[in-house]
Amino acid sequence: MSVAKMDENRKVTTHRLFEMKQRGEKISMLTAYDYSMAAIIDQAGMDVILVGDSASNVMAGNVTTLPITLDQMIYHGKSVMKAVKRSLVVVDLPFGTYQGNSKEALSSAIRVMKETHADCIKLEGGAEVKESIERILCAGIPIMGHLGLTPQSINKFGTYTVRAREEAEAEKLVRDAHLLEEIGCFAIVLEKIPAVLATRVARELTIPVIGIGAGGGVDGQVLVMHDMLGINKEFSPRFLRRYANLNEMITKAVQSYIADVKSRDFPNEKEQY
Ligand code: KIV
């Protein structure tokens with residue numbers, strides 16, 4: 001096996017992401033919530049799989065990410081981990097499991113790590129959750145931060161529009177990004193902020209900055225799997241590129257099956273015992 005091939009198959013670690021940033025190699029990240037899709041995404045060569053709390057929307061049908069529980073995130077994390085051999089797996093800490101106090105945050109993070117066997121966790125916020133982050137890091141659990149449009153705070157924002165357009169919010173975001181790096185987060189997600197601001201943060205930080213709706217000047221990109229595969233027809237923000245139209249493909253396949261059952265075409269003689 002060639003050295004390049006061996007490298008492709010090597011497990012992705014937080015340290016490897018850091019090396020990728022240093023050599024200017026972009027990081028690919030996509031969400032997954034179940035065994036079968038995680039297996040496909042891992043084998044396709046994804047660097048990072050995020051078991052996002054967007055599971056609350058795309059798997060459970062909730063309007064926001066707020067209702068999903070720690071038990072539900074652990075269920076999704078376990079399913080994904082059974083499939084993944086190479087990608088780094090990050091599991092989101094859900095709303096209400098780390099903001100209250102650092103002790104609760106640590107016990108939530110420990111449950112995720114012990115029960116799912118994931119590589120690390122992600123949580124939203126900057127200075128407000130500093131103590132929680134420090135305590136989790138003390139236990140040796142790597143943390144990916146998340147700034148900008150943080151969906152767990154949607155009730156405070158009141159809208160899913162672009163964040164940090166105003167100078168005060170932009171400056172706080174830059175301060176928070178530096179803080180997350182200083183206290184030891186291994187990477188940060190920046191969601192739905194101006195590209196110029198995201199590029200500045202990526203240049204100023206040594207840790208990888210992964211964007212969603214944050215332009216091309218960051219160190220990597222993340223999308224929600226259901227959105228980029230076109231499963232979800234309604235959601236079409238400007239930043240989304242659709243790589244498939246699975247909604248249409250699945251609808252056609254299901255309709256063909258219904259028609260074949262009704263017309264007695266399925267099963268035929270070769271499809272029975
Ligand atoms: O939960 C999620 O899918 C996320 C991404 C949007 C980054 O946090």
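In listed order, ligands and their atoms are each counted from 1.
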inquiry  = For the CG atom of L205 and the CG atom of L180, what is their distance to the nearest 0.5 Å?
reply    =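 Rounded to the nearest 0.5 Å, the CG-CG separation comes to 8.5 Å.
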Starting from the N and O atoms of ligand 1, collect every protein N/O partner closer than 3.5 Å and put each pair on its own line with the distance to 0.1 Å.
residue, atom, partner, partner atom, Å
ligand 1, 1 (O), D53, N, 3.1
ligand 1, 1 (O), D53, OD1, 3.0
ligand 1, 1 (O), S54, N, 3.0
ligand 1, 1 (O), S54, OG, 3.3
ligand 1, 1 (O), D92, OD2, 3.1
ligand 1, 3 (O), S54, OG, 2.5
ligand 1, 8 (O), K122, NZ, 2.9

ask   = Is any side-chain heavy atom of R111 less than 4.5 Å from a side-chain heavy atom of I74?
value =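 Yes, side chains in contact.
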inquiry  = Do V222 and L30 make a side-chain contact, defined as non-hydrogen atoms from C-beta onward lying under 4.5 Å apart?
reply    =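 No, too far: nothing below the 4.5 Å cut-off.
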If the threshold is 4.0 Å, N to carboxylate O, is there a salt bridge linking [X] and [Y]?
X: R86; Y: D47; result: yes
X: K122; Y: D53; result: no
X: E19; Y: R10; result: no

